[in-house]
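Since the structure comes first, as structure tokens, the remarks are kept for the end.
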Amino acid sequence: MNTSKQVNVMIGLLFVSFVTIVGYLFNESNRQVVETEEITHRNAERGARLFVQNCRTCHDLEGTGGIGAAINNKAFWIYEEGNAAGVAATPEGEAEAIRKYLRETIECGRPGTYMATWSQRFGGPLSDTQINHLVTLLTNDPTGKQDFWDLVIEEGHHADEEQFALVLEEELGRHPTIEEITERSREVTVVIDPTALTVNTESCGNWAPETKAQFRARDPFAAPGEETVTVVTPATPTPPPVDISDADATVTVQMTEWDMIVDDPIPSGKIAFQVENAGAVAHEFKVIRSDVAADGLPIEGGKANEGGLDILATILEFPGGGTQVTTVDLTPGQYLLFCNVPAHYQLGMAISVTVE
């Protein structure tokens with residue numbers, strides 16, 4: 001073979017090699033993206049299975065809230081660049097703060113509530129890997145292509161059919177519908193009476209109510225430029241003292257499991273509410289002007305729906321044994337005092353009072 005042909009062959013081989021390498025690199029990049037998505041999806045499936053096995057008792061069948069908070073919540077969703085939902089990518093610092101908040105809440109639980117300690121490192125039943133699977137579920141599909149909570153619904157249907165279908169078939173004389181199976185599951189699985197649960201008193205960590213509120217209030221769908229909640233701002237665990245020196249009267253409110261006790265009627269004017277948590281779990285305190293019955297507020301997500309309500313005064317969650325104070329100007333009329341920690345309002349922690 002002459003030199004010219006050898007050169008041409010070598011150039012051809014180099015070109016083929018170059019094309020092959022470029023193609024490999026291009027495919028490798030795509031392969032890694034696909035593989036990452038598959039791994040995330042598998043971990044979310046495992047998280048859904050763990051949720052169905054462990055979490056539905058308090059957080060309802062689809063995570064929408066009951067005695068436990070609503071955790072099927074867009075506030076926790078994390079999105080990557082170029083996601084199908086069309087929203088801005090979650091900054092990495094914010095994403096890691098959300099994961100850390102969820103991870104540590106599951107690991108340690110929260111003292112003064114029914115949120116137990118789940119990490120094996122602190123005496124719970126779940127490994128770090130399992131907790132990470134739950135965090136993957138809660139933060140949703142970063143590509144925006146799927147709602148990972150659909151996996152919970154699917155997994156829940158499988159588990160409920162195994163447990164309840166045959167029993168219902170005997171009762172009904174026919175195969176039950178998925179709606180009937182789900183309804184039976186809700187009756188049996190979801191705890192309505194919290195006296196069957198244990199209050200967490202030895203948590204390995206805690207998130208102050210202010211910090212918790214910041215995480216739960218973020219909105220990944222907010223338009224660019226809109227005010228958003230900064231989830232990494234340190235919270236102030238202890239509220240500043242309230243000056244009640246100019247109050248016209250002090251009214252004591254006692255909260256227990258599950259009741260609110262206050263003298264009725266209440267005088268008008270600037271009232272200092274001294275709220276005592278005589279219970280074992282954390283409670284909060286809110287005041288609205290309303291002549292609705294104590295149990296008359298609509299329920300959504302395991303809580304009284306506060307949409308459209310004018311909240312006149314609020315005391316954030318504080319633990320049993322504590323006392324907090326707030327002041328509010330009251331004119332004559334009917335008012336509603338209530339605790340809106342998930343499930344507490346439904347359990348009777350509300351009272352209608354008259355202001356004279």
Set of residues satisfying salt bridge (Lys or Arg N to Asp or Glu O under 4.0 Å) with respect to E45, sequence neighbours excluded: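 Scan of E45 (salt bridge (Lys or Arg N to Asp or Glu O under 4.0 Å), adjacent residues dropped) gives none.
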E171: partners by salt bridge (Lys or Arg N to Asp or Glu O under 4.0 Å), with sequence neighbours left out: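 Applying salt bridge (Lys or Arg N to Asp or Glu O under 4.0 Å) to E171 gives R184.
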Any residue meeting ring pair (Phe, Tyr, Trp, His ring centres under 6.0 Å) with H59, in chain and number order, not counting sequence neighbours: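 Checked H59 against ring pair (Phe, Tyr, Trp, His ring centres under 6.0 Å); zero matches.
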Under the ring pair (Phe, Tyr, Trp, His ring centres under 6.0 Å) test, residues paired with W149 that sit two or more places apart: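 Here the qualifying residues are F51.
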R46 with E155: basic N within carboxylate O range, under 4.0 Å: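 The answer is no: the pair does not qualify as a salt bridge.
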Ion pair check, D128 and R103, cut-off under 4.0 Å: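 Salt bridge between D128 and R103, a charged N being under 4.0 Å from a carboxylate O: no.
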If you measure from [atom1] on [X] to [atom2] on [Y], what distance do you get to the nearest 0.5 Å?
| X | Y | atom1 | atom2 | result |
| --- | --- | --- | --- | --- |
| I311 | K286 | CD1 | NZ | 5.5 Å |
| Q120 | Q130 | CD | CD | 6.5 Å |
| I106 | L138 | CD1 | CG | 5.5 Å |
| H344 | C339 | NE2 | SG | 5.5 Å |
| I67 | L347 | CD1 | CG | 6.0 Å |
| N72 | T64 | CG | OG1 | 7.0 Å |

Treat each ILVMFWY residue as a node, draw an edge where side-chain heavy atoms are under 4.5 Å apart, and state whether [X] and [Y] are in one component.
| X | Y | answer |
| --- | --- | --- |
| I315 | V287 | yes |
| V341 | L297 | no |
| I181 | V190 | no |
| L168 | I178 | no |
| V188 | V52 | no |

Any donor-acceptor N or O pair under 3.5 Å, side chains N305, E300: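 Yes, a side-chain donor-acceptor pair sits under 3.5 Å.
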Identify the two heavy atoms, one from [X] and one from [Y], that lie closest to each other, and give their separation to 0.1 Å.
| X | Y | result |
| --- | --- | --- |
| Q334 | R289 | O-CG, 3.5 Å |
| A88 | Y79 | O-CB, 4.3 Å |
| A282 | E317 | CB-OE1, 3.9 Å |
| T177 | R174 | N-NH1, 4.3 Å |
| N140 | Q146 | OD1-O, 3.9 Å |
| A350 | Y345 | CB-CE1, 3.5 Å |

Heavy atoms of other groups near E92 CD, more than 12 under 6.0 Å: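 Yes.
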Crowding at CD, E162 (>12 non-hydrogen neighbours, <6.0 Å):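 Open.
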Side-chain donor or acceptor of N83 paired with backbone N/O of G86 under 3.5 Å: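 At least one qualifying donor-acceptor pair exists.
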Residue pair T136, T40: steps toward the side chain to side chain contact (heavy atoms under 4.5 Å, CB included) verdict: CA-CA 7 Å; T136 298; T40 301; 3.9 Å; yes
Residues forming a side-chain contact (heavy atoms from CB on, under 4.5 Å) with T189, sequence neighbours excluded: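 So T189 forms a side-chain contact (heavy atoms from CB on, under 4.5 Å) with R56, L61, F164, S185.
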Pairwise side-chain contact, [X] with [Y], heavy-atom cut-off 4.5 Å (strictly under):
| X | Y | answer |
| --- | --- | --- |
| T90 | R218 | yes |
| H175 | E161 | yes |
| E37 | K145 | yes |
| S290 | Y335 | no |
| H157 | I153 | yes |
| E94 | I98 | yes |

Parallel, tilted or perpendicular: rings of F148 and H41 (30°, 60°):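 Judged by the thresholds at 30° and 60°, the geometry between H41 and F148 is perpendicular.
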Verdict with reasoning, I78 to R99, per side chain to side chain contact (heavy atoms under 4.5 Å, CB included): CA-CA 9 Å; I78 294 172; R99 294 188 188 99; 3.9 Å; yes
Donor-acceptor list for residues 259-278 side chains, cut-off 3.5 Å, not counting sequence neighbours:
residue: D264; atom: OD1; partner: T354; partner atom: N; Å: 2.9
residue: S268; atom: OG; partner: E356; partner atom: O; Å: 3.1
residue: K270; atom: NZ; partner: D246; partner atom: OD1; Å: 3.2
residue: K270; atom: NZ; partner: D246; partner atom: OD2; Å: 3.0
residue: N277; atom: OD1; partner: G279; partner atom: N; Å: 3.0
residue: N277; atom: ND2; partner: V281; partner atom: O; Å: 3.0
residue: N277; atom: ND2; partner: F318; partner atom: O; Å: 3.0
residue: N277; atom: ND2; partner: P319; partner atom: O; Å: 3.3

V353/L337 under side chain to side chain contact (heavy atoms under 4.5 Å, CB included): CA gap, chis, key distance, verdict: CA-CA 8 Å; V353 295; L337 318 180; 4.2 Å; yes
Candidate pair F221 and K74, rule side chain to side chain contact (heavy atoms under 4.5 Å, CB included), full reasoning: CA-CA 9 Å; F221 296 98; K74 69 178 181 180; 3.9 Å; yes
Full working for salt bridge (charged side-chain N to carboxylate O under 4.0 Å, His left out) between K100 and E107: CA-CA 10 Å; K100 183 174 185 289; E107 287 175 350; over 6 Å; no
